[in-house]
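Numbers here simply count residues along the sequence, with the first being 1. Read the numbers this way: they start at 1 and go in the same order the structure lists the ligands and their atoms.
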Amino acid sequence: MQGEGSVKHMADIKIVIIVAVSENGVIGRDGDMPWKLSTDLKRFKALSMGKPLVMGRKTFESVGSKPLPGRPHIIISRSQCFDMPGVETAESLEKALDRGRAIAEETGVDEVCVVGGGEIYRQALPLADLLHVTHVETVVDGDTFFPPIDADVFEQLEETAVPAGEKDNYPTRYAIYRRRRV
Ligand SMILES: NC(=O)c1ccc[n+]([C@@H]2O[C@H](COP(=O)([O-])OP(=O)(O)OC[C@H]3O[C@@H](n4cnc5c(N)ncnc54)[C@H](OP(=O)(O)O)[C@@H]3O)[C@@H](O)[C@H]2O)c1
């Protein structure tokens with residue numbers, strides 16, 4: 001039986017953005033990420049495991065149109081025809097987040113993870129409670145961007161320097177930001 005303390009209510013469920021971004025704001029190029037960061041993929045997996053993932057249709061295609069194991073997926077598309085096995089579809093960000101919160105409540109987790117791409121991050125940033133940002137220590141060319149993080153809106157909680165491992169193109173700084181209470 002679930003203890004009372006572990007029951008999640010909609011109001012307690014946080015909207016969390018997870019992103020990796022270069023020094024010049026790039027997150028993507030030609031429908032893919034402009035780097036290989038194996039260490040960061042492991043962190044992404046650990047952070048998101050068991051939680052509902054909300055993502056744009058293009059990001060879903062960029063990961064091979066297959067759901068990542070162990071995480072319910074909600075894919076946002078305006079197309080009525082978008083329908084892929086193993087994932088749910090929502091026709092707006094708001095509907096995707098509502099569905100994510102409902103799944104989180106049903107499954108007893110306290111976060112819905114918004115995982116890109118550029119279009120979805122831009123719309124979700126004003127709604128996010130927490131940002132898990134991997135600052136990739138490089139300047140790269142790209143066509144997809146993350147908006148600047150406004151220090152008046154988000155306070156940085158912690159930051160960890162992560163040297164480039166054998167399977168990482170660049171060193172990173174992993175930072176957590178929380179929406180300031182007004
Ligand atoms: N560095 C990172 O952490 C990271 C993370 C994720 C992705 N990425 C990169 O980001 C790039 C993809 O980002 P993107 O901006 O091109 O695409 P995206 O945000 O992944 O998806 C865009 C699509 O989402 C749907 N959409 C967006 N807003 C909507 C709304 N309000 N209502 C309904 N549907 C909506 C539309 O789908 P339809 O066209 O089907 O209507 C739109 O074409 C790739 O390069 C990927 O590798 C990077």
How close does the nearest protein non-hydrogen atom get to [atom], and which residue and atom is it?
atom                    : result
atom 14 (P) of ligand 1 : G118 N, 3.7 Å
atom 12 (C) of ligand 1 : T59 OG1, 3.7 Å
atom 6 (C) of ligand 1  : V115 O, 3.1 Å
atom 31 (N) of ligand 1 : Q123 OE1, 2.8 Å
atom 42 (C) of ligand 1 : E119 OE1, 3.6 Å
atom 43 (O) of ligand 1 : K58 CE, 3.5 Å
atom 36 (C) of ligand 1 : R78 NH1, 4.0 Å

With a cut-off of 6.0 Å (strictly less than), are more than 12 heavy atoms of other residues, nucleotides or ligands near CD of E159?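 More than 12 within 6.0 Å, yes.
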
Does D150 have more than 12 heavy atoms from other residues, nucleotides or ligands lying within 6.0 Å of its CG?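 Enclosed: over 12 neighbouring heavy atoms sit under 6.0 Å from CG of D150.
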
Using heavy-atom distances, let me know which of S22, G117, G31 sits nearest atom 44 (C) of ligand 1. G31

For atom 34 (N) of ligand 1, tell me which residue out of V26, I76, D32, V21 has the closest non-hydrogen atom.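 Closest candidate by heavy-atom distance is I76.
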
Donor-acceptor pair, R178 side chain versus Q156 backbone, under 3.5 Å? no

Are any of the N or O atoms of [X] closer than 3.5 Å to those of ligand 1?
X   : value
I18 : no
R57 : yes
D30 : no
G28 : no
S92 : no
L93 : no
A20 : yes

Element-labelled atoms of ligand 1 that are located less than 4.0 Å from some non-hydrogen atom of [X]:
X    : answer
S79  : 41 (O)
E91  : 32 (N), 33 (C)
V19  : 3 (O)
T144 : 10 (O), 11 (C), 13 (O), 15 (O)
S77  : 33 (C), 34 (N), 37 (O), 38 (P), 40 (O), 41 (O)

Is there a donor in the side chain of D168 and an acceptor in the side chain of S38, or the other way round, less than 3.5 Å apart?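 Absent: no donor and acceptor within the cut-off.
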
Regarding D40 and T134, do their side chains bring together a donor and an acceptor under 3.5 Å, going by distance alone?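 D40 vs T134: donor-acceptor pair found between side chains.
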
Roughly how far, to the nearest 0.5 Å, is the CD1 atom of I13 from the CG atom of D129?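 It is 11.0 Å, given to the nearest 0.5 Å.
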
According to a 4.5 Å side-chain heavy-atom criterion applied to Ile, Leu, Val, Met, Phe, Trp and Tyr, with indirect links allowed, do L157 and V133 form part of one hydrophobic cluster?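 No: no chain of side-chain contacts under 4.5 Å links L157 to V133.
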
Same cluster (ILVMFWY, side-chain, under 4.5 Å), I18 and I15: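 Shared cluster, no.
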
Specify side chain, backbone, both or neither for [X], according to which of its non-hydrogen atoms lie closer than 4.0 Å to ligand 1.
X    : value
T134 : neither
Y121 : side chain
I27  : both

List the atom of [X], the atom of [Y], and the distance in Å for their closest heavy-atom pair.
X    : Y    : value
P52  : G100 : CG-O, 3.4 Å
Y170 : P34  : CE1-O, 4.5 Å
N24  : S22  : OD1-OG, 2.6 Å

Parallel, tilted or perpendicular: which describes the rings of Y177 and H135, with under 30° parallel and over 60° perpendicular? perpendicular

Is the shortest distance from a heavy atom of R29 to ligand 1 less than 4.0 Å? yes

If we only consider heavy atoms of F146, is any one of them less than 4.0 Å away from an atom in ligand 1?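 F146 does not count as a contact of ligand 1 under the 4.0 Å cut-off.
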
Would you call R99-E88 a salt bridge at under 4.0 Å N-O?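 Looking at E88 together with R99, the answer is yes, because their closest N to O distance falls below 4.0 Å.
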
Is K51 paired with E105 through a side-chain N to carboxylate O contact shorter than 4.0 Å?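 Salt bridge: no.
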
Find out whether the Lys NZ or Arg CZ of R43 is both under 6.0 angstrom from the six-membered ring centre of Y174 and within 45° of the ring's axis. yes

